[in-house]
Asker: 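Before anything else, here's the structure in question.
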Amino acid sequence: MAAKDESKNSQKKSGNGNDDLVLLNSENLQNNMKIIFYSRTFLSIIAGVIAGILGLTGLMGFILYFFIMAISSLGLAAKAKFSVLNYFDSCNRIILDGLFGGLMSFVLFWTFAYDIVHIF
Amino acid sequence: MGVGFGVGVIGLLFLAHAAYATSQYRSVLKILEEEFSSPPMNVVIELFLGLAMCFWAAMAVSGDFLSIHPDSEDNRVVSLPGNLDFMTFNHRGRVLPYNQN
């Protein structure tokens with residue numbers, strides 16, 4: 001009956017080319033994005049510490065980072081019970097979101113751990 | 001949340017212990033004047049276990065994913081108060097001055 005819902009879960013409309021409106025619960029979508037962000041940031045810090053302890057230098061460290069991010073994408077997809085579109089509006093969210101922000105944290109903790117373990 | 005957090009703390013402790021063991025190993029290598037290529041095998045296994053535990057903690061501690069479809073079964077109770085059929089607009093708010101901007 002209602003064309004516009006005034007509930008507090010502010011609904012977001014997203015349209016595609018076929019003029020077909022899809023209503024999404026944006027509060028839950030933001031919650032899910034926050035969860036991905038926290039998990040990714042924590043895992044990139046752990047990846048940095050591990051790369052520093054192992055004494056990796058150069059390209060091998062970045063390979064380790066992307067490997068751990070790929071595993072974390074799998075883990076997040078498993079947490080979403082593999083039906084990703086129930087929880088996100090596109091599949092790219094769990095793969096690409098937070099990847100380059102985590103890269104900065106990774107390099108910081110990599111340098112930090114390498115210095116502590118191997119230089120001091 | 002409690003178990004996941006504990007597992008994460010244990011994983012971090014494993015990583016700290018592995019860091020300490022690696023720096024000790026490195027000082028031994030300096031005495032023997034050999035070159036450092038990689039930490040000993042038990043340190044690598046400990047790092048791997050620490051990574052697995054931190055990974056599990058990262059998945060468990062952050063909370064559950066919530067469904068974004070408004071008509072899914074677990075969103076039904078949350079959206080019940082927002083039913084337009086039960087809203088009234090003929091209340092005393094209508095005589096309050098209405099500020100535009």
Side-chain angles (χ1 to χ4, degrees), chain A residues 1-12 22-47 49-56 64 68 71-72 75-76 78-81 83-89 94 113 116-120, chain B residues 4 8 11-12 14-27 29-30 35-40 43-44 46-76 78-87 89:
Chain A
M1 171 214 162
K4 197 167 165 199
D5 205 357
E6 289 172 317
S7 66
K8 75 180 166 163
N9 291 334
S10 54
Q11 313 238 338
K12 173 180 95 171
V22 175
L23 292 176
L24 300 173
N25 188 341
S26 66
E27 180 184 315
N28 286 354
L29 183 65
Q30 273 178 346
N31 174 57
N32 296 347
M33 301 298 289
K34 192 178 69 165
I35 290 176
I36 300 181
F37 178 72
Y38 285 168
S39 301
R40 275 254 160 87
T41 307
F42 179 65
L43 281 174
S44 53
I45 290 175
I46 299 292
V49 171
I50 287 180
I53 293 176
L54 283 174
L56 298 175
L64 176 74
I68 290 185
I71 296 182
S72 83
L76 287 166
K79 190 178 163 132
K81 303 181 191 67
S83 54
V84 175
L85 291 176
N86 272 350
Y87 301 102
F88 298 97
D89 49 353
I94 55 169
I116 287 183
V117 173
H118 296 282
I119 298 183
F120 288 117
Chain B
L12 287 174
F14 270 33
L15 288 177
H17 179 259
Y20 186 68
T22 307
S23 78
Q24 296 264 302
Y25 176 70
R26 219 185 148 94
S27 58
L29 285 186
K30 270 192 197 136
E35 210 176 278
F36 175 86
S37 65
S38 85
V43 171
V44 173
E46 194 175 4
L47 280 177
F48 191 70
L49 282 178
L51 174 67
M53 285 200 275
C54 287
F55 189 79
W56 196 79
M59 295 295 133
V61 167
S62 19
D64 292 325
F65 282 147
L66 299 172
S67 171
I68 59 169
H69 294 302
D71 49 353
S72 81
E73 192 49 44
D74 26 324
N75 274 345
R76 184 177 164 270
V78 175
S79 63
L80 275 176
N83 193 352
L84 205 57
D85 291 332
F86 292 97
M87 288 184 187
F89 298 99

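Residue numbers start from 1 in every chain, and the chains themselves are labelled A, B, ... in the order their sequence lines are given, proteins ahead of strands.
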Asker: Using non-hydrogen atoms and a 4.5 Å limit, figure out which bit of A:Leu43 sits close to chain B: side chain, backbone, both or neither.
Answerer: side chain
Asker: With side-chain contact (heavy atoms from CB on, under 4.5 Å) as the criterion, how do A:Leu29 and B:Leu66 come out once you've worked through the C-alpha distance, each side chain's angles and the decisive distance to 0.1 Å?
Answerer: CA-CA 8 Å; A:Leu29 183 65; B:Leu66 299 172; over 6 Å; no
Asker: Considering residues, nucleotides and ligands other than B:Tyr25, do more than 12 of their heavy atoms fall under 6.0 Å from its OH?
Answerer: yes
Asker: Of all the heavy-atom pairs spanning A:His118 and B:Thr22, show the shortest one and how long it is.
Answerer: CE1-CG2, 4.1 Å
Asker: Quick one: what part of A:Tyr87 sits under 4.5 Å from any heavy atom of chain B, side chain, backbone, both or neither?
Answerer: both
Asker: As an exercise, state the distance from CE of B:Met59 to CD1 of A:Ile35, rounded to the nearest 0.5 Å.
Answerer: 10.5 Å
Asker: Under a 4.5 Å cut-off applied to non-hydrogen side-chain atoms, are A:Asn28 and B:Ser67 in contact?
Answerer: no
Asker: Please look at A:Ser83 and chain B and tell me whether the side chain, the backbone, both or neither of the residue comes under 4.5 angstrom of a heavy atom of that chain.
Answerer: neither
Asker: Quick one: CG on A:Leu76 to OG on B:Ser62, what's the gap to the nearest 0.5 Å?
Answerer: 7.5 Å
Asker: Looking at A:Ile53 and B:Leu15, what are the two nearest heavy atoms and their distance?
Answerer: CD1-O, 3.5 Å
Asker: Taking all non-hydrogen atoms of both residues into account, name the closest pair between B:Ala58 and A:Phe42 and its distance.
Answerer: CB-CD2, 3.7 Å
Asker: Tell me, do A:Phe88 and B:Ile68 make a side-chain contact under 4.5 Å, heavy atoms counted?
Answerer: no
Asker: Closer than 3.5 angstrom, by distance alone: can the side chain of A:Lys79 be matched with the main-chain N or O of B:Asp64 as a donor-acceptor pair?
Answerer: no
Asker: Is the shortest heavy-atom distance from the side chain of B:Leu12 to the side chain of A:Ile46 under 4.5 Å?
Answerer: yes
Asker: Rounded to the nearest 0.5 Å, what's the gap from CZ on B:Phe65 to CG on A:Asn86? Could you check?
Answerer: 12.0 Å
Asker: Which of the residues A:Asn31, A:Ile36, A:Leu56 is involved in the greatest number of heavy-atom pairs with chain B at under 4.5 angstrom?
Answerer: A:Asn31
Asker: Heavy-atom cut-off 4.5 Å, strictly under: side chain, backbone, both or neither for B:Val44 against chain A?
Answerer: side chain
